[in-house]
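Everything below concerns the one structure shown next.
Atoms within each ligand, like the ligands themselves, are counted from 1 in listed order.
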Amino acid sequence: MIRLHAVPGSRSFRVHWLLAEMGLEPEVENYRIGDGSLGTDDFHLVNPAGRVPALEIDGMTLIESGAIVEYLCETRSEHGLGRLPGDAERAEFLVWLHYAETVATCIQNLNLQQVFLPDPAMRSPTVIGLETRRLAKALKPVAKRVEAQDYLLASGFSAVDVMFGFGIEAAFHYVHAEKFPTLAAYQKRLAARPAYQTAFAAQGPDTIYKQDFYEVPVG
Ligand SMILES: N[C@@H](CCC(=O)N[C@@H](CS)C(=O)NCC(=O)O)C(=O)O
C-alpha cells in the first residue's frame, strides 16, 4: 500500500506525478490549507509539522518532497528518473532538485500574503512586491536552462523536471507567463506527459488559488 497525504495544487503533486511516471497509483488522503485539516491530532501522527506531502511507503512515513523524490528514484531506479551517485549528471541533478525549493519558498510566501491571510488589510504590499521580484529572479536560471534544451538535464526528462512541475504553474499566478516564454513552453511540455495528466486528474481540483493572477497591490 502506498498512501499519499496531499493538498491538490501543492508540493504533494511532485510525489503524485513521480509515482505516476513509475506506474504507481497511491491511495490519496486530501487535506485543505486553512480549514484545520492539517492541524488534527490524526494528521499530526503522520506529520507533526502539519505539512504535505507525506508518503506512507515501504513500511515508513516520509516527509519532504525532495527527499521523497530522491528516495523513490533510488529505490525504483529501474525507471531511470534519478541520477545516482557515479552518474555524470549527479551533481546537476542535486542542484536542480534542491533549487526547486528556492522557487517554491518564494511561491509559498506569496501564497501566504495573497491567498491565505484572511483579511486583505493584513497584507504587506512591500513584502508582496519584494517577493514577486525575488520569484521572477529565481525563475531566471530555469528559464535559461530550458531555452536550449527540452528538460533541465541534457540527457532528457528526469525527476528534477517533476520537482518543477508544480512550481512553474503556481509561479504563473504571480509572474506573467508571457515574460517567461521558454518557461511557459517547458511547462506545456511537462503538462503534456501522460503521467502528469494522470496525476493531475487524480489529485482532485485545486483548492489553493481563487483567481488566475494576483497583481501586486498598490501600497
Ligand atoms: N520543504 C517541504 C515543504 C512542505 C510544505 O510547506 N508544504 C505546504 C504545501 S506546498 C504545506 O503543507 N503547507 C501547510 C502550512 O504551511 O500550514 C517539502 O518540500 O515537502
Side-chain angles (χ1 to χ4, degrees), residues 2-21 26 28-58 60-74 81-82 93-119 122-123 127-128 131 134-135 138-139 142 152 158-175 187 190 196 199-200 202-210 214:
I2 301 176
R3 179 177 291 130
L4 176 63
H5 298 265
V7 169
S10 80
R11 288 174 176 91
S12 52
F13 183 67
R14 293 168 169 164
V15 177
H16 207 153
W17 177 16
L18 186 63
L19 288 168
E21 290 284 351
V28 179
E29 195 83 47
N30 269 340
Y31 303 81
R32 194 174 176 142
I33 296 175
D35 73 353
S37 53
L38 292 171
T40 63
D41 290 346
D42 277 355
F43 185 61
H44 282 181
L45 290 175
V46 175
N47 182 5
R51 293 180 186 233
V52 294
L55 186 70
E56 295 179 52
I57 190 167
D58 300 341
M60 300 177 287
T61 301
L62 304 178
I63 59 169
E64 282 296 323
S65 59
I68 297 170
V69 163
E70 220 175 315
Y71 175 79
L72 289 172
C73 288
E74 287 173 13
L81 293 166
F93 177 82
L94 291 176
V95 168
W96 289 115
L97 185 98
H98 292 277
Y99 191 68
E101 273 303 275
T102 297
V103 173
T105 303
C106 296
I107 295 167
Q108 188 160 27
N109 292 341
L110 287 166
N111 286 351
L112 182 66
Q113 287 277 333
Q114 295 270 51
V115 182
F116 294 124
L117 284 179
D119 178 354
M122 297 164 85
R123 292 178 195 149
V127 171
I128 295 174
E131 204 59 58
R134 279 160 55 82
L135 172 60
L139 289 171
V142 191
L152 289 169
S158 74
V160 292
D161 299 300
V162 172
M163 284 296 286
F164 278 95
F166 127 86
I168 291 168
E169 197 167 292
F172 287 157
H173 288 282
Y174 300 118
V175 298
Q187 171 58 24
L190 299 181
Y196 180 108
F200 194 81
Q203 71 168 343
D206 188 319
T207 53
I208 296 179
Y209 300 102
K210 297 170 189 76
Y214 293 81

Next on the checklist: What verdict does the ring pair (Phe, Tyr, Trp, His ring centres under 6.0 Å) test give for F13 and Y196, after you've listed the backbone C-alpha separation in whole Å, the side-chain angles of each residue and the deciding distance to 0.1 Å?
Outcome noted: CA-CA 9 Å; F13 183 67; Y196 180 108; 5.0 Å; yes
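- At a heavy-atom distance under 4.0 Å, only side-chain atoms of L38, from C-beta outward, approach ligand 1.
- Judged by distance alone, the side chains of R14 and S65 do bring a donor and an acceptor atom under 3.5 Å apart.
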Next on the checklist: The test is salt bridge (Lys or Arg N to Asp or Glu O under 4.0 Å); show your working for E64 and R51 and say whether it passes.
Outcome noted: CA-CA 9 Å; E64 282 296 323; R51 293 180 186 233; over 6 Å; no
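- From the protein, the heavy atom lying nearest to atom 13 (N) of ligand 1 is I33 CD1, 4.0 Å.
- In this structure, the ring-ring contact (aromatic ring centres under 6.0 Å, His included) partners of Y31, at least two apart in sequence or on a different chain, are H5, F43.
- The P53 neighbourhood of ligand 1 comprises atoms 20 (O), with distances under 4.0 Å to a heavy atom of that residue.
- If you check which protein heavy atom lies closest to atom 10 (S) of ligand 1, you get R11 NH1, 3.1 Å.
- With hydrogens left out, the protein atom closest to atom 6 (O) of ligand 1 is R51 NH1, 2.7 Å, a heavy atom.
- Side chain of Y174 to main chain of A170: no donor-acceptor pair is present (N/O by atom type, distance under 3.5 Å, no hydrogens or angles).
- In this structure, the side chain to side chain donor-acceptor pair (under 3.5 Å) partners of E131, at least two apart in sequence or on a different chain, are N109, R134.
- Numbered from 1 in the order shown, with element, the atoms of ligand 1 that lie under 4.0 Å from a heavy atom of E101 read 1 (N), 2 (C), 19 (O).
- Atoms of ligand 1 found under 4.0 Å from any heavy atom of S10 (numbered from 1 in listed order, with element): 9 (C), 10 (S).
- Between R3 and L55, the closest side-chain pair of non-hydrogen atoms is not below 4.5 Å.
- At the top of the distance list for atom 20 (O) of ligand 1, counting protein heavy atoms only, stands S65 N, 2.9 Å.
- At the top of the distance list for atom 4 (C) of ligand 1, counting protein heavy atoms only, stands V52 O, 3.4 Å.
- Nearest protein heavy-atom neighbour of atom 17 (O) of ligand 1: G50 O, 4.3 Å.
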